[in-house]
Amino acid sequence: MKKLDNIQRDLLLTNLDEEGKLSCLKAFKVARLIGMKPKDMAEITRSMNIKITNCELGVFGKLNFSELDDNIYDKLSKNFVEQDKKIDCEVAWYTARDKGSSLRKVGSTINNSDIKVRHCQLGCFYDEEFEKYDDK
């Protein structure tokens, strides 16, 4: 298990929301600030009884999303794992960097389509179809 020193712990705690949870985006920021890999964040927060919430791709949390974008869907579909319409979280984030795209547009497309996300970069879930992450 990853142990945090007092400075790392304080950096994490100062990034919690009003409910004492850490948003997906802030989890990436905190990982960078404390010198940890993003994939270690779920383990770290679980050990501190802190929930990661508001997945930018809509797998868990309360974020609101807009409409599906056909162009983004087409880009994502080129990266499906096998024929099951699953895409790795990292690939979805990478797609958000494309011109005319954004993380919110990618999340909206995933949320309003048949695409499933797997392999959370923060370690929250491996395959969302089989492991629902509870951020409550």
Side-chain angles (χ1 to χ4, degrees):
M1 176 166 7
K2 306 282 181 189
K3 291 283 188 183
L4 301 183
D5 63 29
N6 289 338
I7 294 170
Q8 291 170 315
R9 186 177 175 83
D10 287 346
L11 284 167
L12 191 152
L13 294 174
T14 59
N15 279 281
L16 300 181
D17 66 16
E18 61 279 349
E19 295 178 4
K21 296 178 182 180
L22 185 66
S23 74
C24 172
L25 279 179
K26 287 216 176 168
F28 279 96
K29 173 186 169 185
V30 169
R32 197 172 51 252
L33 289 172
I34 66 175
M36 296 285 179
K37 294 178 180 174
K39 70 178 181 173
D40 296 326
M41 291 306 295
E43 178 185 340
I44 290 166
T45 55
R46 271 194 288 271
S47 74
M48 297 174 67
N49 292 318
I50 296 169
K51 298 283 186 172
I52 296 176
T53 191
N54 293 337
C55 169
E56 291 295 316
L57 300 178
V59 178
F60 55 84
K62 300 175 187 171
L63 295 179
N64 293 318
F65 293 94
S66 60
E67 301 295 315
L68 177 146
D69 182 307
D70 289 326
N71 291 328
I72 292 173
Y73 186 92
D74 290 343
K75 288 178 188 176
L76 291 170
S77 69
K78 293 175 183 167
N79 295 290
F80 284 158
V81 178
E82 301 164 4
Q83 298 299 318
D84 56 8
K85 296 191 178 178
K86 293 182 183 177
I87 190 162
D88 288 347
C89 173
E90 185 174 12
V91 172
W93 277 64
Y94 184 78
T95 302
R97 296 179 184 169
D98 290 349
K99 186 176 182 179
S101 189
S102 69
L103 197 50
R104 188 52 56 120
K105 286 181 180 179
V106 170
S108 293
T109 298
I110 289 170
N111 249 281
N112 292 296
S113 72
D114 53 358
I115 298 173
K116 300 291 182 193
V117 179
R118 62 184 218 144
H119 299 181
C120 173
Q121 295 177 87
L122 297 172
C124 295
F125 60 87
Y126 177 77
D127 189 333
E128 75 92 21
E129 183 177 331
F130 299 107
E131 291 181 34
K132 289 293 182 188
Y133 178 78
D134 177 20
D135 68 335
K136 295 181 176 44

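Between His119 and Cys89 the shortest heavy-atom distance is O-CB, 3.4 Å. Taking every heavy atom of both residues into account, Ile52 and Cys124 meet most closely at CD1-SG, 3.8 Å. Here the closest heavy-atom approach between residue Leu122 and residue Cys24 is recorded as CD1-O, 3.9 Å. In terms of heavy-atom proximity, Thr95 sits nearest to Leu76 at OG1-CD2, 3.7 Å. Heavy-atom minimum distance, Val106 versus Leu57: CG1-CD2, 3.9 Å. Closest of all the heavy-atom pairs between Leu68 and Asn112 is CD1-O, 3.1 Å.
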Leu63 vs Glu56, side chain to side chain contact (heavy atoms under 4.5 Å, CB included): CA-CA, chis, key distance, verdict: CA-CA 8 Å; Leu63 295 179; Glu56 291 295 316; 3.6 Å; yes

Verdict with reasoning, Met48 to Leu4, per side chain to side chain contact (heavy atoms under 4.5 Å, CB included): CA-CA 10 Å; Met48 297 174 67; Leu4 301 183; 4.0 Å; yes

Should Leu13 and Ile50 be marked as a side chain to side chain contact (heavy atoms under 4.5 Å, CB included) after you check the CA-CA gap, both sets of side-chain angles, and the distance that decides it? CA-CA 9 Å; Leu13 294 174; Ile50 296 169; 4.0 Å; yes

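Criterion: ILVMFWY side-chain heavy atoms under 4.5 Å apart, direct or through other members. Under it, Leu103 and Val59 are part of a common hydrophobic cluster. Linking ILVMFWY side-chain heavy atoms closer than 4.5 Å, directly or via other members, places Tyr94 and Leu25 in two distinct hydrophobic clusters.
With Asp5 contributing its side chain and Ile7 its backbone, the two residues share a donor-acceptor pair below 3.5 Å. Between the side chain of Thr109 and the main chain of Lys105, a donor-acceptor pair closer than 3.5 Å is present. Glu43 places a side-chain N or O within donor-acceptor distance of the main-chain N or O of Lys2, the cut-off being under 3.5 Å.
Between atom CD of residue Gln121 and atom CD of residue Glu90 there is a gap of 5.0 Å, rounded to the nearest 0.5 Å. Here Asp69 contributes atom CG and Lys75 contributes atom NZ; the two are 8.0 Å apart, rounded to the nearest 0.5 Å. To the nearest 0.5 angstrom, Met36 atom CE is 11.5 Å from Leu11 atom CG. For the atom pair CD1 of Ile87 and CD1 of Ile115, the computed distance is 6.0 Å after rounding to the nearest 0.5 Å. One finds the CG atom of Asn111 at 9.5 Å from the CZ atom of Arg104 (value rounded to the nearest 0.5 Å). In this structure, the separation between OG1 on Thr45 and CG on Leu12 is 7.5 Å, given to the nearest 0.5 Å.
Note that Arg118 lies outside the cation-pi zone of Phe125, set by a 6.0 Å cut-off to the ring centre and a 45° limit from the axis.
The closest side-chain heavy-atom distance from Lys51 to Glu19 is not below 4.5 Å. Here the side chains of Asp98 and Ile72 are not in contact, with every heavy-atom distance at 4.5 Å or above. Side-chain contact between Met41 and Val30 is present, with heavy atoms from C-beta onward closer than 4.5 Å.
Ion pair Asp114/Lys85 flagged as a salt bridge, since at least one NZ, NE, NH1 or NH2 atom sits closer than 4.0 Å to an Asp/Glu carboxylate oxygen.
Taking the six-membered ring where the residue is Trp, Tyr73 and Phe80 present perpendicular rings, their angle passing 60° and hence far from 30°.
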